[in-house]
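Residue numbers begin at 1 in each chain, while the letters A, B, ... track the order of the sequences.
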4 protein chains.
Amino acid sequence: MNASPTQPTLRVRQRKEREELILSEAERLLSEHGYQNLVMEQLAERVGIGKGTIYLHFPRKEDLVGAIVERGLEQLTSNIDEMAGRTEEPASERIEAVMHRIIDGHIGWTRMFEGSDARELLEGLRRGQSMNHRVSGLLQAMARLIDQGKAAGEFDETVDSMVAVVALFAVIRSLTSSNLVGHLPGERADIISASIRLVFRGLLVRPADKEAAR
Amino acid sequence: MNASPTQPTLRVRQRKEREELILSEAERLLSEHGYQNLVMEQLAERVGIGKGTIYLHFPRKEDLVGAIVERGLEQLTSNIDEMAGRTEEPASERIEAVMHRIIDGHIGWTRMFEGSDARELLEGLRRGQSMNHRVSGLLQAMARLIDQGKAAGEFDETVDSMVAVVALFAVIRSLTSSNLVGHLPGERADIISASIRLVFRGLLVRPADKEAAR
Amino acid sequence: MNASPTQPTLRVRQRKEREELILSEAERLLSEHGYQNLVMEQLAERVGIGKGTIYLHFPRKEDLVGAIVERGLEQLTSNIDEMAGRTEEPASERIEAVMHRIIDGHIGWTRMFEGSDARELLEGLRRGQSMNHRVSGLLQAMARLIDQGKAAGEFDETVDSMVAVVALFAVIRSLTSSNLVGHLPGERADIISASIRLVFRGLLVRPADKEAAR
Amino acid sequence: MNASPTQPTLRVRQRKEREELILSEAERLLSEHGYQNLVMEQLAERVGIGKGTIYLHFPRKEDLVGAIVERGLEQLTSNIDEMAGRTEEPASERIEAVMHRIIDGHIGWTRMFEGSDARELLEGLRRGQSMNHRVSGLLQAMARLIDQGKAAGEFDETVDSMVAVVALFAVIRSLTSSNLVGHLPGERADIISASIRLVFRGLLVRPADKEAAR
DNA sequence: TATGAATGAGCTTTCATTCAT
DNA sequence: AATGAATGAAAGCTCATTCAT
């Protein structure tokens, strides 16, 4: 009489799938063109559904974007947490891996929110709390990785972990948006690696410090 | 008819002045509200001129913003060049000063381009070439400061100057937009200073290296 | 398959019941929000059925509203006819009672058709003829009451009954919509009663006339 | 240097003219199709201007309709006031003339507001006060006419003037919207006249009363 | 030269109606 | 028979850009 437990309502699954489809396409358009230039009709067309259908899933454009942000933050956080489990590898390598993964897989975060009334959008998300949790969660996950490095003697304990997180994300953000990188000589990948390592240099325990500590 | 040679420009000078006025006001609106929410009519009103007059100076909204970007880049570059002259001060201090100045005096660069079709905007600027020059100029000016530091033995010569520049600007950008910083504990100013210094730590010549070099 | 002849209607009766349910709820929404703001989905939800089901009964929103109007006219007419039976009471009192009942129990007739393309709606109803019959029936039922009054010597025979009917309904309509009444001093109920009586004054046989008739 | 006093800015006059044009056409469409079915684009087309131009004069559709209402009330009031001046004619005749003029000149008051969220619209107008003044002014102007009739011994002083006003407007409203009248036999004009007179009968001083007063 | 009235493409959002399940 | 997901026409409103004055 009722749906088998292994098949949670089919309908629901299809709905979820379509939602995923919308979000993915929207994320692409968002990172390509920014909030204002994401046109609902165009989005629908690309997904291959009617304009109104989007509104069945996301009552306002704002909500659509909010969902994308949350999804992104969630993915990033789980990525980082996964890395936090591999305690056999040095923290610095794991962090670098995380950063590369973020940079590669991810999406012009910077551009994404262009032209939303970003202030209002974020404000709204913030009021809804979930954004706060997600962002805080992301930052803390990253900080945990750094703390692992400190505990392992890799990183300098005098450097505030949260400050390091900010610096790392700063580099990610900048490398992600092509603004500057586009103007630099050399391969993009090289620049990325070198930049990440530069920040690490500031974070690593210095031989001299160890010396001094004796 | 009788334009004196020393003042061929009365007209021209007024024109230039007004152009400056437009740009200044536009820059403010831009950093406050982003590209899409910069409304030409509102701008004209604030400047105290007619809407159409703006179009006498900048045929398209895009051009107006392009001019602002160029002007900003120019100012930054000259700021940095000025600092490059004060060779009596340590490079690291001068760089930090530059960074603070950029961050303080500056303009939500991040928000400024929100809602432009950034790709198209930049593409257009690029086609006009001048953007390329300006950005390259800015990066190179900064790189020169770093090179000075290297020459003075402050900075590690093995670190690529351009990479360092990218990292520095990355931090600036991130600290400028409140996205992350807003989620951090502590005073904004403290976070900024700490972040800058973290990058410097990675740049400074390490005592241990010196030791090893002996 | 085995529908007993006395109850061929189990299905049919249920269908009729649901139709009644839809109409009642629709009438409420209609009088509260007007035609345009009557949303089919909301209606379905309130009735507790699926949106599509409504369309099984009424192929178009227009038809739904048409049915409501007819039902309303029918009810009013039967109300009046019932009153026409109580010949022991004075016609004027019975008419006043009818009017109060209409005003009280009734439904912002005025608001109900807000936002329909009333012309088209009525046109459509008219094409279906039935509307004409209903309205005529209503007016005639009321006229019959007045004629009773004339026969009883209560009302002046020189006043055209139909004109009196129009005037009476005019007052009802106006008193029903709060537009004017809201701007008047005094209690709503008092205004209503006084207005009705004013029209009656014009309808009653005048003592002076009687005098003259002697 | 400044515009001659007899020619108040030409611009301003043209603007006023166009505004008048918009209002007139809007009033027609409004009375024909009701608020919801008044489509801004269609209105613009009929007036022969661009859609946006309307918004230059009336920032919201609501404002446009508000202006129409005010204009209408103003015209009515001044019509009535003018009539109030002709004290040489009997009040009843002047009132009848006013009513005919109202009915002829303005038609679908009733239909005009259909489908606005009338509640909100009126609420808004009411909050803005101006509506209150206008409507009160209109009712009072009419009441003044009736008072003149009372003073002249034409009308019965025991009938509340405001109640009479309500009844008169009730008739106007009803006769204006074709709902009922369309279903009546006879000429529209005749019905109108007869209805008005019926109400007057209720208002006039009765010979019998005079008799009694002796 | 400077203006701002006029324009209309373009956007988000709503909702009657259809139709596969 | 009953449902509600999907659709897309339609509508109000904004604002970059033009152009008559």
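The separation between C/Gln42 atom CD and E/dC15 atom P is 9 Å, rounded to whole Å. If you measure from atom CZ of D/Phe58 to atom P of E/dA5, you get 15 Å, rounded to the nearest angstrom. We find that CD of C/Gln36 is positioned 14 Å from P of F/dA10, with the value rounded to whole Å. With rounding to whole Å, C/Met40 atom CE is found 17 Å from F/dT7 atom C1'. Taking atom CG on B/Asn37 and atom C1' on F/dA16, their separation rounds to 14 Å, with Å as the unit. The nearest whole Å value for the distance from the NE2 atom in C/His33 to the P atom in E/dC15 is 12 Å. Taking atom CZ of D/Arg15 as the reference point, atom P of E/dG4 lies 13 Å away to the nearest angstrom. If you take CZ of B/Arg18 and C1' of E/dT3, they are 11 Å apart, rounded to a whole angstrom.
In this structure, CG in A/Leu56 is found 8.5 Å from CD1 in A/Ile22, a value given to the nearest 0.5 Å. Taken from CG in C/Leu21 to CD in C/Gln14, the straight-line distance is 12.0 Å, to the nearest 0.5 Å.
Counting all heavy atoms, side chain and backbone alike, B/Gln36 lies closest to B/Lys61 at O-NZ, 3.8 Å. Summarising the geometry of A/Asn37 relative to A/His33, their closest heavy-atom pair is ND2-O, 3.0 Å, with the distance given to 0.1 Å.
Ranked by how close their nearest DNA chain F nucleotide is to the 5' end, B/Lys61 and D/Val39 are led by D/Val39. Between D/Glu41 and C/Pro59, the residue anchored nearer the 5' end of DNA chain E, judged by the nucleotide with its closest heavy atom, is D/Glu41.
Residues passing the side chain to side chain donor-acceptor pair (under 3.5 Å) test with D/Arg28, sequence neighbours excluded: D/Glu25. With sequence neighbours left out, the side-chain contact (heavy atoms from CB on, under 4.5 Å) criterion links C/Arg71 to C/Glu20, C/Leu23, C/Ser24, C/Glu27, C/Gln75.
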_From CA spacing to verdict: side chain to side chain contact (heavy atoms under 4.5 Å, CB included), A/Arg60, A/Asp63_ = CA-CA 5 Å; A/Arg60 328 212 132 249; A/Asp63 300 322; 3.2 Å; yes

_For B/Lys16 and B/Glu19: C-alpha separation, side-chain torsions, deciding distance, then whether side chain to side chain contact (heavy atoms under 4.5 Å, CB included) applies._
CA-CA 5 Å; B/Lys16 197 69 191 168; B/Glu19 203 160 297; 4.0 Å; yes

Show me the donor-acceptor pairs within less than 3.5 Å that the side chains of residues 40-49 of chain D make with the rest of the protein, sequence neighbours left out.
none

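Between D/Arg60 and F/dC13 there is a side-chain polar atom (N or O) within less than 4.0 angstrom of OP1 or OP2.
At the heavy-atom level, D/Leu38 lies under 4.0 Å from the strands shown only through sugar-phosphate atoms.
The strand DNA chain E forms stems, runs of 3 or more Watson-Crick or G-U wobble pairs with distances below 3.5 Å, at E:2-21 with F:2-21.
Shown for residues 45-57 of chain C: residues whose heavy atoms fall under 4.0 angstrom of DNA chain E, namely C/Lys51, C/Tyr55.
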